[in-house]
Every structure is written in C-alpha cells, then in structure tokens.
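Below: the structure, in structure tokens.
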Amino acid sequence: MTKKVRVRFAPSPTGGLHLGGVRTVLYNYLFAKQYKGDFILRIEDTDQTRYVPGAEEYIVNCLKWCGMEPDESPQKGGPYGPYRQSERKEIYRQYAEQLVREGKAYYAFDRPEELESMREKFKTADNPSPQYDHRVRMQMRNSLSLPAEETERLLADGTPYVIRILMPENETVLLEDMIRGEVSFNTGLSDDKVLLKADGMPTYHLAVVVDDYLMKITHAFRGEEWLPSAPVHLLLWKYLGWEHEMPKWAHLPLILKPDGNGKLSKRDGDRLGFPVYAMNWHDPRTGELTRGFREMGFLPEAFINMLALLGWNDGTEQELFTMDELIARFSMDRVHKGGARFDFEKAKWFNHEWIKRKDAKDLVPQVRSVLQEKGIAATNDAYLEQVIGLVKDRCTLLTDFYGQSTFFFETPGQLDVAAVKPKWNSEKEDFFRTACQLFETFHHWNPGDLEDAFKKLAAEKNMKPGEVLMPFRIMLVGGKFGPGVFDIVALIGKKETIKRIEQGLEQLRQ
RNA sequence: GCCGCGUUCGUCUAAGGGCUAGGACACCACCCUUUCACGGUGGUGAUACGGGUUCGAAUCCCGUACGCGGUACCA
C-alpha cells in the first residue's frame, strides 16, 4: 500500500500573492487532486518583522477565487494542526535541542555586530561573502569553540543565542528532483545555517522539515530559489532520523519579467501596466493599492489555465484546459526546467478564449458587477444574458463589457455624427422618418423580420441598405462598433428604437 | 568570487538520434462582415557558440558564452 499523497502550499504572509506563488499552489493542487490526496495550506509566519496583517486572509481568499480550496488550513483546521508556524513555536525548539544533544547542531552566541565583523575580516576579492562555515566556525563564539563550562555559563546567564546546524566539511549530498533529476551538492560549501533564531522562532530550514514530517507531507513542490538550500533540508531529514519519510522534491522554474532579466516582481507590473497579484492587494503599512488579475477583469478559469501553461504542457497542441482537465493531465515530469517569461498579451488571449467559450448565463453575475460598478443596474437576468450573448465575443476582459454594452441599458448621449454627417441628406432623413412609422406598427419584432422589413423599405426608397445601415447604427449605439444592428433593435425594443432614431435625427440636424 | 540551475521563432512551447524543426500569442496580408469584433486562409520568424560521438544530433558528451537563482537570526 502506498501512502496517501499529501502536499502543501506554505506561503509567508508578507503581502500579495503573485503569479509565481499561485502557480506553485496550482501545481501542488493539481498533483494532490490527481492522486486523490490532500492539499494543505500552512502559514509560514516565523519572521515577526515581516508579518503583515491581512495577508493570510488575502491568501485564503485568493485560493478560494482560484477554486483551489485547501483540505486542511488554519481556517479549516485538520488532524495535523496548528497550521500556523507561529503557533507551533515550541515544537521546533525540541528538535533543535535534540540536534544539539546529538552533536548535529550547536549553540552560537555571536552578536550581529560580530557576524558583521567576521564577514569584513574574511572578505576578499575571491570570496566577497564569507559564510559562517567549517572554515570559520572555530573562530566564532559557539558551543564548539568555547569550553563546555563557558557555554553552560552563557546559557545560564540567559545570553541570547541561536542554534546552527553543523554542516559536514566535505560530503556529497544527492537530491532526486522530480523535474531536474539528480542534483548533487557538497556540504562544505554551505554555511552552518541558523535553525533556531534568538527570538525562539525557527528559521524556514528547520520549520519546513519538521512540519513536512509532522504533517506527513509526501511531495514538496516549491520555487527554484530553494534549490541551493536543499542540501541543508536533506541533511536535516537525515539528522532527525526521518530519511525514509522524506517527501519527493520538485523545484519549480521561476516566472521571469517580460522584458530584461530577472524574476517577475510587483514592480514590473506597475512599470509595464499589468497585474502581478491574483487579486487587489491593499498594503496596510503603506496604504498602497496593487491591482490584481481579478479586478482587472480576468476569469479565474483563464487565470489558472494561463498559469498552468506557463512552464508546462501536456504534449499535445491543446491550450485550453478546465481545472478538471488539468487535474487529469498534469504531470510533474513535463514541467520545464527553464524559467518562463510572462507575457500579458497571451494572458489576455486566454481570458478572451474563456469568455467566448463560457455560456452567457454563467457570465451574468460577473458582468453585472462590472456594470454595477459603472452605475448600470442591469437587474433583469434574462435581458443581461441576451446582451452578454451578443457582445462576449468582442470582450477580452470582463471590464470590456461596460464599453461594449452600455447602449443596451442607456440611450447613448452624444452620437458620433461625424461618421455619417458628410453623406447625410434629406432623402436619408425622410427614410428614417418612414422607418419610425414602419416600426411603430411592426409586429414581428425579431432580428430577421426587422432586417427584411428595413431592407425592403430601403429598396422602396431607392436606397442601398449600406447607405442607411451606418447612420442607423450610430443612432442606436452612438459609434461604429457593436453587434448586428437588428440584434440590437430586437433587444432594446420598439419604444427605445424609435426614441433613438428621433434623437439621432435631432443631432444630425444640428 | 564560489555553488547550483538553465538556454528551440520577439514570447509560451512541440519534437527525448532520423520527414521541408510543428503549434499558440503578437505582428503583417488576404477572405468573411456595408460597423467593431469573432472566424477562415496565408506570411515573416528559432535550435547561443565551438568541438566531439554517430551513416545521421535541437536531441548524447566536453568546453565556452550568456542568463537566472543562492551565498541572511527573509522566506
């Protein structure tokens, strides 16, 4: 019997959730669901100086919007809680102390200034950033370099200390990564990472290992930026005696800026005019508001679809996937090794495709709220649905529905008369007056019959339909855009159509 | 500097020793449409470089270049 798959997303609550974060969640989620496993949300809030109120709730809401609800979380609870690391503080100390007792870690009493001067002292052109490692540890103030009594005394005096892992001087550690294959590291090249901080909180390194073990995580997927510290984690699993329980690892490629170099940051979004966060993020410290994909008019389905394909594909030419299809097709070994540049144009294309493929009915709530924000009530569901059906093919973002459909709800104000004025004449005016009379008594109020009647009238007046169609459109819509003229007429109704023709004739006269 | 990871059209990618290196976004042209879109057809455009191995290399090996990540009592 194989173990039940359990994966986790472990963000630190320091701000908005950006693209890379959501994609990490997504791959975790897809994997978990594919294997009918559990998806856990764990909050890594061990750095009290970076904690931002509201960030955790924001993350939870993002997951909800994306349709990736955790099976276990601080909010939902679960059998392996608490799920907030700050609430598990005592657990970590136990294991850190255990490691010290077993000679696999040690107390270090160095003050920040001392660390600073060590770095200065050993800094050379060849080694610009000296580490606290096997080469210098005996010259520092720790339980390895100090006599045992001295260590005892310092501890008894309540001297602040940290616990550092003792990295072997020269051992090879092999990591089996689901995406990259075997990666090897030399332990002597890594520093003696702090495991337990002076404030009693664990660092990430200790906390991930302890929690992944205690929470029975079977697969650990995280960003590529963690690859260099993987040997420390591997060693910790071994030191703690849990090697056989160690999860399988996968280090996900980064999402890069569209231009230039480096990983995508919030700054790039601000600079290039696209969102980087899933939803609007309001920073309580600065008061700054950062726009999100949701508020920008993205459908969660499109957002997820786009992210899934950024660094992964199923080997076919299919690009549009529902969440269920992704769950069925996803495989970690088809995830790319290299980072992917984010392309907002492609992201918009996904959204456009999703708007087109969704039923008008299903878009009603979202479009209504877009319209409501602009002061259009749109209370009639059936009517709104028909409007959406007519315009959705020309909307890339949900927010586009406003510009594409206001004229279904409000009589256009200032018409683009310049578009027809040059060719305007009294014959055309006469035609529209007659058209009004025709509509007044017309009974077959549907697009086909309306069009036939309209064209018949044009023929009687010796006019080509094209000559009067554009003026008619301008009267109805206000400009040169929108769905078919008779679809609009059919929908807005007799009274409104006649009203708009009369208003149009009025504005054209001036 | 050191360590690790990468590198196919501008961008996302397919092709894991064997067709003219395929698709998508974007861009351009044409068609459809008497609007704007949708849609359709076609086009421009890539294996970083240098060596091997092989009948044959985008694919395997070595080197170089370039990029990214890490090098914190941050995650």
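Because only heavy atoms are used, hydrogens play no part in the values below, and waters and symmetry mates are left out as well, while side chains stay in. Every chain is numbered from 1, with letters handed out A, B, ... down the list of sequences.
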| message | What's the closest nucleotide to the side chain of P465(A) if the choices are rU34(B), rG1(B), rA72(B)? | response | rU34(B)

| message | Rounded to whole Å, how long is the line connecting atom CZ of F454(A) with atom C1' of rU34(B)? | response | 12 Å

| query | What's the closest nucleotide to the E224(A) side chain, out of rA72(B), rU34(B), rC5(B)? | reply | rC5(B)

| said: For a quick test of reading the model: is some side-chain N or O of K480(A) closer than 4.0 Å to OP1 or OP2 of rU34(B)? | reply: no

| query | Counting only Watson-Crick or G-U wobble pairs whose two distances fall under 3.5 Å, which nucleotide matches rG1(B)? | reply | rU71(B)

| request: Please state whether the rings of F432(A) and F472(A) are parallel, tilted or perpendicular, taking 30° and 60° as the class boundaries. | output: tilted

| Short N-O contact, R357(A) and D393(A), less than 4.0 angstrom | no

| Touch check for R357(A), heavy atoms < 4.0 angstrom, all strands: base, sugar-phosphate only, or nothing? | nothing

| So, is K197(A) close to the rC74(B) phosphate, meaning a side-chain N or O under 4.0 Å from OP1 or OP2? | yes

| Is R50(A) touching bases, backbone alone, or none of the nucleic acid, heavy atoms closer than 4.0 Å? | base

| Among rC25(B), rG22(B), rG1(B), the nucleotide that comes nearest once only the side chain of E345(A) is considered | rC25(B)

| K348(A) NZ to rA26(B) P: how many Å, rounded? | 9 Å

| task | Answer with base, sugar-phosphate or nothing: what part of the nucleic acid does V183(A) contact at a heavy-atom distance below 4.0 Å? | result | sugar-phosphate

| request: Can you figure out which of rA72(B), rG69(B), rC25(B) approaches the side chain of P228(A) most closely? | output: rG69(B)

| said: Applying a 4.0 Å non-hydrogen cut-off, can you work out what P11(A) is touching in the nucleic acid: base, sugar-phosphate, or nothing? | reply: nothing

| Looking for any heavy atom pair under 4.0 Å, which part of the strands does S12(A) touch: base, sugar-phosphate only, or nothing? | sugar-phosphate

| request: For rA15(B) and rU59(B), measure between their P atoms and round to the nearest Å. | output: 15 Å

| said: From C-beta outward on E317(A), which listed nucleotide comes closest to its side chain: rG22(B), rG39(B), rC12(B)? | reply: rG22(B)

| message | Checking base pairs now: Watson-Crick or wobble, both atom distances under 3.5 Å. What partners rU34(B)? | response | none

| message | Counting the atoms with a prime plus P, OP1 and OP2 as sugar-phosphate, which does N313(A) contact under 4.0 Å by heavy atoms, base, sugar-phosphate, or nothing? | response | sugar-phosphate

| query | With a 4.0 Å cut-off on heavy atoms, is G338(A) in touch with a base, just the backbone sugar-phosphate, or nothing at all? | reply | sugar-phosphate

| Integer angstrom distance from the P of rC49(B) to that of rU11(B) | 15 Å

| message | Tell me the interatomic distance from E113(A), atom CD, to rC73(B), atom P, rounded to whole angstroms. | response | 13 Å

| Does a side-chain N or O from K257(A) land closer than 4.0 Å to OP1 or OP2 of rU11(B), or not? | no

| So what does G484(A) hit on the nucleic acid, given a heavy-atom distance under 4.0 Å: a base, only sugar-phosphate, or nothing? | base

| request: Would you mind reading off the distance between I388(A) atom CD1 and rC38(B) atom C1', rounded to a whole angstrom? | output: 17 Å

| query | Between rC36(B) and rA29(B), how far is it from one P atom to the other, in whole Å? | reply | 15 Å

| task | Could you tell me how the ring of F344(A) sits relative to the ring of F298(A): parallel (under 30°), tilted (30 to 60°) or perpendicular (over 60°)? | result | tilted

| query | Counting only heavy atoms not in K356(A), do more than 12 fall under 6.0 Å of its NZ? | reply | yes

| field | Rounded distance in Å between the C1' positions of rC61(B) and rC73(B) | value | 44 Å

| query | Using a cut-off of 4.0 Å on non-hydrogen atoms, how would the nucleic acid contact of A340(A) be classed: base, sugar-phosphate, or nothing? | reply | sugar-phosphate

| task | Report the relative orientation of the aromatic rings in F221(A) and H219(A); use parallel for angles under 30°, tilted for 30 to 60°, perpendicular for over 60°. | result | tilted

| query | Of all the choices, rU35(B), rC68(B), rC74(B), which nucleotide is nearest to the side chain of R473(A) once you look at every atom? | reply | rU35(B)

| task | Report which part of the nucleic acid R119(A) touches: base, sugar-phosphate, or nothing (heavy-atom distance under 4.0 Å, all strands). | result | sugar-phosphate

| Residue V194(A), side-chain heavy atoms: nucleotide from rA75(B), rC73(B), rC36(B) that is nearest | rC73(B)

| said: With a 4.0 Å cut-off on N to O distance, would you call E116(A) and R111(A) a salt bridge? | reply: no

| query | Would you call the rings of W312(A) and F330(A) parallel, tilted or perpendicular if under 30° counts as parallel and over 60° as perpendicular? | reply | tilted

| message | Over all strands shown, is H205(A) touching base, sugar-phosphate only, or nothing at heavy-atom distances under 4.0 angstrom? | response | nothing

| task | Using side chain to side chain contact (heavy atoms under 4.5 Å, CB included) as the criterion, list what pairs up with F122(A), not counting sequence neighbours. | result | M118(A), P130(A), V136(A), Q139(A)

| Hey, which of these two, F185(A) or W312(A), hits RNA chain B nearer its 5' end, going by closest nucleotide? | F185(A)

| Taking the same atom, C1', in rU13(B) and in rC74(B), what whole-Å distance lies between them? | 34 Å

| query | Say you pick atom C1' in rG10(B) and the same atom in rC28(B); how far apart are they, in whole Å? | reply | 14 Å

| remark: Ranking rA14(B), rC12(B), rU35(B) by distance to the side chain of M470(A), first place goes to rU35(B)

| query | Partner of rU54(B) by Watson-Crick or G-U wobble geometry, both contacts under 3.5 Å, or none? | reply | none

| query | Reckon T49(A) touches a base, only the sugar-phosphate, or nothing at all at heavy-atom distances under 4.0 Å? | reply | nothing

| message | Can you identify which nucleotide, out of rC12(B), rA24(B), rU71(B), has its nearest atom closest to the K193(A) side chain? | response | rU71(B)

| With no angle test and no hydrogens, is the base of rA26(B) tied to the side chain of K346(A) by a donor-acceptor pair under 3.5 Å? | no

| field | Any-strand Watson-Crick or G-U partner of rC66(B), both distances under 3.5 Å | value | rG6(B)

| said: What's G223(A) touching, base or sugar-phosphate or nothing? Going by heavy atoms closer than 4.0 Å. | reply: nothing

| Inter-nucleotide P distance (rG67(B), rA24(B)), Å rounded | 33 Å

| said: In terms of relative ring orientation, are F303(A) and F293(A) parallel, tilted or perpendicular, with 30° and 60° separating the classes? | reply: tilted

| Between atom CE in M475(A) and atom P in rU35(B), what is the gap in whole Å? | 17 Å

| query | Whom does rC27(B) pair with, Watson-Crick or G-U wobble, provided both distances fall under 3.5 Å? | reply | rG43(B)

| Looking at rA24(B), rG69(B), rU35(B), which one has an atom nearest to any side-chain atom of E319(A)? | rA24(B)

| query | Say you pick atom C1' in rU8(B) and the same atom in rA46(B); how far apart are they, in whole Å? | reply | 6 Å

| How is N127(A) classified with respect to the nucleic acid when contacts are heavy atoms under 4.0 Å: base, sugar-phosphate, or nothing? | base

| request: Can you tell me the pairing partner of rG17(B) across any strand shown, Watson-Crick or G-U wobble, with both distances under 3.5 angstrom? | output: none

| request: Using only side-chain N and O atoms of T124(A), determine if any of them is under 4.0 Å from OP1 or OP2 of rG1(B). | output: no

| OP1 or OP2 of rA14(B) under 4.0 Å from side-chain N/O of H336(A) | yes

| request: Please determine if D359(A) and K361(A) form a salt bridge, counting it only when a charged side-chain N lies under 4.0 Å from a carboxylate O. | output: no

| task | Return the 5'-most residue of the pair H352(A), P160(A) with respect to RNA chain B, ranking by each residue's nearest nucleotide. | result | H352(A)

